[in-house]
Amino acid sequence: MSLNAAKQYLSHAHLEAELRAELEPLVKAAEAGDAKAVAELEDRFFEPLAFGTGGLRGFMAAGLRRMNQPNVRRTTMALAAVAKAHAPAKKIAVVGYDTRINSEVFAKESAAVLAAAGYEVFLGTRPLPTPFLCFAMKALGSACGVIITASHNPKEYNGFKAYNDLGGQVVDPWDAEIEAHMAALPVVPVPPTAPAERIKPIPAAIEKAYLALGQDLLQHPKAFTPARILYTPFHGTGIAFVPTLFEQAGLPLTVSPSQGVQDGTFPTAPRPNPEELAAYAAPLREAEAADMEVILSNDPDADRIGVVAKRNGAWELMSGNDLAALTLDYFCTQKGRKGAVVSTVVTSDFMADVARHYGLPVVWTLTGFKNIAVCMDRLEALGEAYAFSAEESYGMLIPPSLRDKDGVTAALVVAEMAGHYKALGLTLFEAVDALMAKVGAFHNRLVNLEDPRPGGAKRFAEAMERIRTAGLATLGGEKVVSWEDFQTGLWHGEGRSETILDRPDNRAAALPIPRSNVLKFRLQGGAFAAFRPSGTEPKLKVYLQSRTDAALLDRLEAEARKLLGL
């Protein structure tokens, strides 16, 4: 079946020559009975590349289930059609790209499609950070946007992030409508003919405004001694703005000699993920040699931020949960940050408790900044101030004018924060300990589970149903006091059930949280365990919290694995 699909794919006259040259030998090998070639074609053609969280992501190669020009063309055509329906008065689109292989090629493809659809397109002229491109969308009043990036994935991947007329990643109903439009298009659409004058560079004034935005976030604490900071963009786009931001702020910064070079092959970090300490191998050597105190990182598209600092003399990666809580506290103690704090249902309660400590309202939503952006839009519509948002996966958003996480401006703020605590005689980890002494202890763990065997996603789905219907009374030896099923939208506890609300502390302004296949069990003593499978891959994440010690996390992880059959 997949062999026939591959042959049909090759029959399209407009298929790019390089894709045809790559695919034809594979088809010939499969016709000759090569089992590996048959399996490869099956993987490439058994279904189209899924339009998942905000767009596409996959291996770069020829095929329906791969990132390539036809899929980029097709998705952009669908995005243009949906944008015209939802934002007919807006005539501008923004397109940008990261440092990955083929990113510029794919971005130019998207820009051409949008220009052919009648939009005035502002295209990045070099690899630029995702948060800046989101800022440009808002500043220019775009109807839609495209960012070509695969975030922190290995070099073989690329991706397509689609944005709506509010500058946030597409959500319902845009995403479903884009999928429907894609399904009605040829798998290899005819390349567009676009008037060259409709594609323009992003104005320099927008870059200047974004840099000024970063400077406006500085708190200028009275107690301050600059920390010795090494910065790594993991060979990505952060290098375009972070050093300039620091220079403008008068803060010293040393750029990683090895990882400060833009390179889509990520030679020193095969997995350029700020959540994995292994990615910091080269910067750690550099930091040690240069007597640095803190390593700051951005992932390749610079929307996330990572921090490595010393604890008891040894380098340690700070969790996204701890960094978010500490940053919020820093803002509240300096200039008295006001407004609502937005968190996700799998993020630690640490940040939420810091918000409550300062009397700030908390809004809860599903995982992902596309959902946080929706909450921000509603706050704006209600005339409520926005203070801060973050999620456990190293994403923070400080400026209220953006609708996606921003690791660039966050890097500047965290550097200033490190200098403030240095002046007080504290490392960043000691500052976290001091904050926990104020609001209570939080221990968190993320367990990433994969089942690459055929049927893995189905087995995880079945495991979720077992857990959902098990009537769990205890987890890790702790009593279950309540549980939330985000698929049904119901909270269960105290012998009753009720709708899960995004603002349980302010029911007058609350809305039901959107539905998703997520389960969260709250335990006696403030612990929790949340289960969240991928919608498209054989993966499942388990988020754990303990308010006592790490030993409870060990017990919770062991029981979670047992419940999942792993």
Side-chain angles (χ1 to χ4, degrees), residues 46-48 50-54 57 65 171-172 175-176 179 344-349 364-368 370-371 391-393 444-502 504 511-524 527-546 552-566:
F46 82 93
E47 64 180 5
F51 188 87
T53 305
R57 189 173 297 182
R65 198 165 166 262
V171 292
D172 182 66
D175 50 4
E179 282 188 273
T344 74
V345 298
V346 298
T347 296
S348 167
D349 294 326
W364 298 93
T365 190
L366 297 175
T367 305
K370 69 174 188 176
N371 295 305
E391 59 181 357
E392 52 77 35
S393 57
N444 295 93
R445 181 179 299 172
L446 170 63
V447 183
N448 282 299
L449 302 174
E450 295 188 34
D451 186 353
R453 298 169 297 166
K458 182 182 178 184
R459 279 190 292 276
F460 277 139
E462 292 168 349
M464 287 290 288
E465 284 305 307
R466 287 199 306 274
I467 297 170
R468 181 173 277 115
T469 57
L472 296 176
T474 62
L475 263 174
E478 299 290 320
K479 180 182 177 182
V480 174
V481 295
S482 67
W483 65 285
E484 295 159 295
D485 186 345
F486 292 90
Q487 186 163 275
T488 63
L490 292 175
W491 172 92
H492 306 273
E494 303 170 3
R496 59 189 172 86
S497 299
E498 60 181 48
T499 301
I500 305 171
L501 299 176
D502 63 353
L511 290 176
I513 286 184
R515 304 293 178 88
S516 183
N517 188 17
V518 178
L519 295 170
K520 185 174 183 178
F521 296 86
R522 288 201 170 271
L523 313 178
Q524 204 161 33
F528 73 65
F531 300 80
R532 176 176 163 261
S534 167
T536 56
E537 298 178 281
K539 297 179 179 179
L540 186 144
K541 292 184 176 182
V542 183
Y543 305 82
L544 305 174
Q545 173 176 289
S546 167
L552 175 55
L553 297 179
D554 293 336
R555 297 198 301 274
L556 289 171
E557 179 177 346
E559 187 160 348
R561 289 180 178 275
K562 186 177 178 181
L563 285 167
L564 292 164
L566 295 170

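Counting begins at 1 with the first residue of the sequence. Quantities reported herein were computed from a predicted structural model and do not represent experimental measurements.
At least one test fails for K520 against the ring of F486: distance under 6.0 Å to the centre or angle within 45° of the axis.
In terms of heavy-atom proximity, L366 sits nearest to P514 at CD1-O, 3.4 Å. Nearest heavy-atom pair across V542 and A560 is CG1-CB, 4.1 Å. Across all non-hydrogen atoms, the minimal contact from R561 to L449 is NH1-CD2, 3.2 Å. Annotation for Y543 and R532: closest pair OH-NH1, 2.9 Å, computed over non-hydrogen atoms. In terms of heavy-atom proximity, F528 sits nearest to A530 at CD1-N, 4.2 Å. Residue P512 comes nearest to T499 through the heavy atom pair CB-CG2, 3.8 Å, listed as atom of the first residue, atom of the second, then distance.
Interatomic distance, K541 NZ to N448 CG, rounded to the nearest 0.5 Å: 5.0 Å. How far CG of L523 is from CH2 of W483: 13.5 Å, rounded to the nearest 0.5 Å. Going from atom CG of L490 over to atom CZ of R515 covers 7.0 Å, rounded to the nearest 0.5 Å. To the nearest 0.5 Å, atoms CD (Q545) and CZ (R522) are separated by 6.5 Å. Summarising the geometry, atom CG belonging to N371 is positioned 11.0 Å from atom CG belonging to D502; distances are rounded to the nearest 0.5 Å. To the nearest 0.5 angstrom, L553 atom CG is 11.5 Å from L446 atom CG.
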Between L544 and L552, does the side chain to side chain contact (heavy atoms under 4.5 Å, CB included) criterion hold? Intermediate values first, please. CA-CA 9 Å; L544 305 174; L552 175 55; over 6 Å; no
Start with the C-alpha gap between E484 and I513, add the side-chain angles, then the distance that decides, and say whether side chain to side chain contact (heavy atoms under 4.5 Å, CB included) holds. CA-CA 11 Å; E484 295 159 295; I513 286 184; over 6 Å; no
Going through the checks in order, is the side chain to side chain contact (heavy atoms under 4.5 Å, CB included) test met by V480 and H492? CA-CA 10 Å; V480 174; H492 306 273; over 6 Å; no
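In this structure, T367 and V518 have side chains that are not in contact, with every pair of non-hydrogen atoms separated by 4.5 Å or more. A heavy-atom distance below 4.5 Å is found between the side chains of R468 and Q487. Using a 4.5 Å heavy-atom threshold, the side chains of I500 and V345 count as separate. Side-chain contact between R445 and L556 is absent, with no heavy atoms from C-beta onward closer than 4.5 Å. Using a 4.5 Å heavy-atom cutoff, the side chains of N444 and T347 are not in contact.
Within the 3.5 Å criterion, the main-chain N or O of G368 finds a donor-acceptor partner in the side chain of E391.
No salt bridge links E559 with R555; every basic N to acidic carboxylate O contact stays at or beyond 4.0 Å.
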